[in-house]
Asks: 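One structure, pasted below without further comment.
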Amino acid sequence: MLITSAALIPLVGALLLTVVRGVASRVVAMLASLGSLGIAIAMAVLFNPGQGMQFTELHQWIPQIDAFYSLGVDGIGLSLVLLTTILTPLVLLYAFTENFREDQLGERAFLALALAVEGFSLYVFTATDVLLFYLFFEATLIPMFFLIGGFGGAQRRYAAIKFLLYSLTSGLVMLAAVIGVYVNSQSNGHGTFLLSDLMNMNLGTNTERLLFVGFMIAFAVKAPMVPVHTWLPDAAENTTPGGAVMMVAIMDKIGTFGMFRFALGLFPNAAEWATPVVIVLAVISIIYGAFAALAQENLMRLVAYTSVSHFGFIVLGLFTLTPTSVAGANLYMFNHGISTAALFLLVGYLMKRRGSAEIDNFGGVQKVAPVLAGFLLVAGLSSLSLPGLAPFVSEFGVLAGTWTKYPWAAGISAIAMVLAALYIMRMYKRTMTGLPSAEVEEKVSELSMAERWIIVPLLALLLVLGVYPTPLTRVLNPDSEQAVTFVEKATNHEAVAPAAQPESTTISLGGAR
């Protein structure tokens, strides 16, 4: 019951915040997020790499259609559970330092919505029943819609509606594909939604391709990839920095995670068929996102466009389908979350002091707030994948793995590394260096000790995992290699059984199988 406990604690905390007020609301929110983090750490300690789904739970949910409450984590799912539970307490602490305006929903609402995003995301990263996955995939939209529309800038309602329309429309396409999977899984009048039963399902060529496209549309919007990415910069600009962390660093990983777990796992032959198109779109996302970031004058939009580029790297690594590229892509999901969270929160501190996210309203900050400038520099260098910082290892893995199969894609994508240096150092030069204006001298102050301690854990992870990524790679690599082997054998029409679930951790009740 570890997974259920980790996901339910923040959801229960969110419900309690509807009745708890004052300082007690902060205590409840932090206890809920820290409780979930504690369980995730326990799972990481107990996890046995390379042994398939672990901490599994299996209960009958809707017997009429053979739907199950089925949960489990492999190394990839565990890394995203850790990412979610690490970032959420820091976002809550950041919210404690934020001054919410009267036209916003308020701190208590923000804390509850952030906990709801955490709980629903944990269910998404651990669901091994396709219908259950879809339910929580869509459920994350509700609190995220209010985090955008209830907070942030003047265009926040427009951004929230655009986010919802993109997500709901693509989600309905995926629902049709989920139904299609169930119908095509039927034998003797009974279908299934269980991932373990659906792998190696016999599908006609056209049917498999249609179902693959249905899932991929939803995942490409969530990731997001060009050309269905335009909701992200608007949403990031018009929500709070804490809300942007929950959206980009956590929730958007559902897209790339879904590609790995479902698009590749359920439809390997269709994935092979679509690989040339997906790789082209990934390369376009990488280059377009980098150029767009270079052109931005708003700090929040700049960070959002860097993520479009980075998600392109993740998709490229997944669909290149070599052990090195897939492992690099899965590692990239975790590292990108840490790096982007640090950038968004530091931009938030700049916005809170200056009252603006426009780059032209800064300059000379390092003279009045050297620690803030130093933290921003480290976070920025991690975003451009400087050697010695965590994202370098994952980006190098993606490019090295891609080079062995698609050298042209690796070569073009490597241009983004140069562009990343340009947009990060251009941003730093214009905001941090030079002589401070009168407004900067008056309004921009150094980070307080509380604010520093919110950022320090993120920078520490970037540094430690940059020089010693083994704790993560030891967990991720075996499952990445198994996924590559599974897809290769499936596309060669060799029967492959999915990794067995350890019986010692399986809970079977009510006729569950």
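It should be emphasised that the depicted structure is a prediction, and the values quoted were computed from it without experimental measurement.
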Asks: Taking the side chain from Ser167 and the backbone from Leu164, do they hold a donor-acceptor pair closer than 3.5 Å?
Replies: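 The answer is no, because no donor-acceptor pair under 3.5 Å joins these two groups.
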Asks: Which donor-acceptor pairs under 3.5 Å do the side chains of residues 465-472 make with protein atoms, sequence neighbours left out?
Replies:
none

Asks: Could you tell me if the side chain of Ile359 sits less than 4.5 Å from the side chain of Leu302, heavy atoms only?
Replies: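 SC-SC contact between Leu302 and Ile359 confirmed.
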Asks: So, do Leu232 and Tyr305 sit near enough that their side-chain heavy atoms are less than 4.5 Å apart?
Replies: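 Heavy-atom side-chain distance check fails, nothing below 4.5 Å.
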Asks: For Phe136, is the CZ atom crowded, meaning more than 12 foreign heavy atoms sit under 6.0 Å from it?
Replies: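 It does: Phe136 CZ has more than 12 such atoms within range.
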Asks: Can a donor-acceptor pair be found, under 3.5 Å and without considering hydrogens, that links the side chain of Ser285 to the backbone of Gly312?
Replies: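 No; zero donor-acceptor contacts below 3.5 Å.
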Asks: State whether the side chain of Asp479 and the backbone N or O of Asp74 hold a donor-acceptor pair below 3.5 Å, judged by distance alone.
Replies: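 No, because the side chain of Asp479 does not come within donor-acceptor range (under 3.5 Å) of the backbone of Asp74.
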Asks: Determine whether the side chains of Thr85 and Ser36 contain a donor N or O and an acceptor N or O closer than 3.5 Å.
Replies: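 No - no donor-acceptor pair under 3.5 Å links their side chains.
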Asks: Say whether, by atom type as modelled, one donor and one acceptor occur between the side chain of Lys222 and the main chain of Thr256 under 3.5 angstrom.
Replies: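 It does not hold such a pair.
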Asks: Looking only at side chains, do Glu57 and Thr4 share a donor and an acceptor under 3.5 Å apart?
Replies: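 A donor-acceptor contact under 3.5 Å links the two side chains.
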Asks: Working note: Val91 + Glu118, criterion side chain to side chain contact (heavy atoms under 4.5 Å, CB included); need CA distance, chi angles, decisive distance, verdict.
Replies: CA-CA 11 Å; Val91 168; Glu118 177 186 24; over 6 Å; no
Asks: List the atom pairs, with distances to 0.1 Å, where a side-chain N or O of residues 379-388 and a protein N or O form a donor-acceptor pair under 3.5 Å, not counting sequence neighbours.
Replies:
unit_1 : atom_1 : unit_2 : atom_2 : d
Ser382 : OG     : Ser339 : OG     : 2.8
Ser382 : OG     : Ala379 : O      : 2.6
Ser385 : OG     : Glu395 : OE1    : 2.8

Asks: Can you sort out the partners of Ser121 under side-chain hydrogen bond (donor to acceptor under 3.5 Å, both in side chains), two or more places apart, ordered by chain and number?
Replies: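 Scan of Ser121 (side-chain hydrogen bond (donor to acceptor under 3.5 Å, both in side chains), adjacent residues dropped) gives none.
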Asks: Under the side-chain hydrogen bond (donor to acceptor under 3.5 Å, both in side chains) test, which residues partner Arg26, sequence neighbours left out?
Replies: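 With sequence neighbours excluded, Arg26 shows a side-chain hydrogen bond (donor to acceptor under 3.5 Å, both in side chains) to Glu107, given in chain and number order.
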Asks: Measuring centre to centre across the rings, with the benzene-like ring taken for any Trp, is Tyr288 within less than 6.0 Å of His229?
Replies: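 Between His229 and Tyr288, which both carry aromatic rings, the centre distance is below 6.0 Å.
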Asks: With a sphere of 6.0 Å drawn around CZ of Phe47, does it hold more than 12 non-hydrogen atoms of other residues, nucleotides or ligands?
Replies: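 Atom CZ in Phe47 is crowded, with more than 12 foreign heavy atoms closer than 6.0 Å.
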Asks: Just by distance, do the side chain of Arg108 and the backbone of Ser25 share a donor-acceptor pair under 3.5 Å?
Replies: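 Such a contact is absent between Arg108 side chain and Ser25 backbone.
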Asks: With the threshold set at 4.0 Å, does a side-chain nitrogen-carboxylate oxygen contact exist between Glu451 and Arg353?
Replies: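 Answer for the salt bridge query: yes.
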Asks: Counting only pairs under 3.5 Å, give me each side-chain donor-acceptor contact of residues 7-16, with atom names and distances, residues two or more places apart or in other chains.
Replies:
none

Asks: Got Thr433 and Gln366 here, is their nearest side-chain heavy-atom distance under 4.5 Å?
Replies: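 The answer is yes; the side chains approach within 4.5 Å.
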Asks: Determine all donor-acceptor pairs shorter than 3.5 Å in which one atom belongs to a side chain in residues 138-145; sequence neighbours excluded.
Replies:
unit_1 : atom_1 : unit_2 : atom_2 : d
Glu138 : OE2    : Tyr134 : OH     : 3.4
Thr140 : OG1    : Phe137 : O      : 2.8

Asks: I'd like to know if the side chain of Thr340 reaches the main chain of Gly337, judged simply by a donor and an acceptor atom lying under 3.5 Å from each other, with no hydrogens or angles considered.
Replies: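 Pair absent, no side-chain N/O of Thr340 close to backbone of Gly337.
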Asks: Test of understanding: with side-chain contact (heavy atoms from CB on, under 4.5 Å), list the residues that count as partners of Ala44, not counting sequence neighbours.
Replies: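 Once residues adjacent in sequence are excluded, the partners of Ala44 under the side-chain contact (heavy atoms from CB on, under 4.5 Å) criterion are Leu78, Leu82.
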Asks: For the side chain of Lys253 and the backbone of Val248, is there at least one donor-acceptor N/O pair under 3.5 Å apart?
Replies: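 Pair found, side chain donor or acceptor close to backbone of Val248.
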Asks: Please table the atom pairs, donor to acceptor, closer than 3.5 Å between any side-chain atom in residues 418-426 and protein atoms at least two apart or in another chain.
Replies:
unit_1 : atom_1 : unit_2 : atom_2 : d
Arg426 : NH1    : Leu294 : O      : 3.2
Arg426 : NH2    : Glu297 : OE2    : 3.0

Asks: Looking at residues at least two apart in the chain, or sitting in another chain, which of them share a side-chain hydrogen bond (donor to acceptor under 3.5 Å, both in side chains) with Ser413?
Replies: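 In terms of side-chain hydrogen bond (donor to acceptor under 3.5 Å, both in side chains), with neighbours along the sequence ignored, Ser413 is linked to no residue.
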Asks: Take the angle between the ring planes of Phe133 and Phe219 and call it parallel below 30°, perpendicular above 60°, tilted in between.
Replies: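 Aromatic pair Phe133/Phe219 classed perpendicular.
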Asks: Distance-only check: which donor-acceptor pairs under 3.5 Å involve side-chain atoms of residues 235-246, not counting sequence neighbours?
Replies:
unit_1 : atom_1 : unit_2 : atom_2 : d
Glu237 : OE1    : Arg301 : NH1    : 2.9
Asn238 : OD1    : Gln155 : N      : 3.3
Asn238 : ND2    : Asp234 : O      : 2.8
Thr239 : OG1    : Leu147 : O      : 2.9
Thr240 : OG1    : Gly243 : N      : 3.0

Asks: Taking salt bridge (charged side-chain N to carboxylate O under 4.0 Å, His left out) as the cut-off, I'd like each qualifying pair that reaches into residues 126-136, sequence neighbours left out, listed once.
Replies: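 Every candidate salt bridge (charged side-chain N to carboxylate O under 4.0 Å, His left out) pair involving residues 126-136 fails, so no pair, neighbours aside, qualifies.
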Asks: Using only atom types and a distance under 3.5 Å, with no angle test, would you say the side chain of His310 pairs donor to acceptor with the backbone of Thr306?
Replies: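 Checked: pair present.
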Asks: Applying side-chain hydrogen bond (donor to acceptor under 3.5 Å, both in side chains), name anything that partners Thr88, two or more places apart in sequence or on another chain.
Replies: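 So Thr88 forms no side-chain hydrogen bond (donor to acceptor under 3.5 Å, both in side chains) with any residue.
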Asks: Should Ile217 and Met174 be marked as a side chain to side chain contact (heavy atoms under 4.5 Å, CB included) after you check the CA-CA gap, both sets of side-chain angles, and the distance that decides it?
Replies: CA-CA 7 Å; Ile217 288 173; Met174 188 171 80; over 6 Å; no
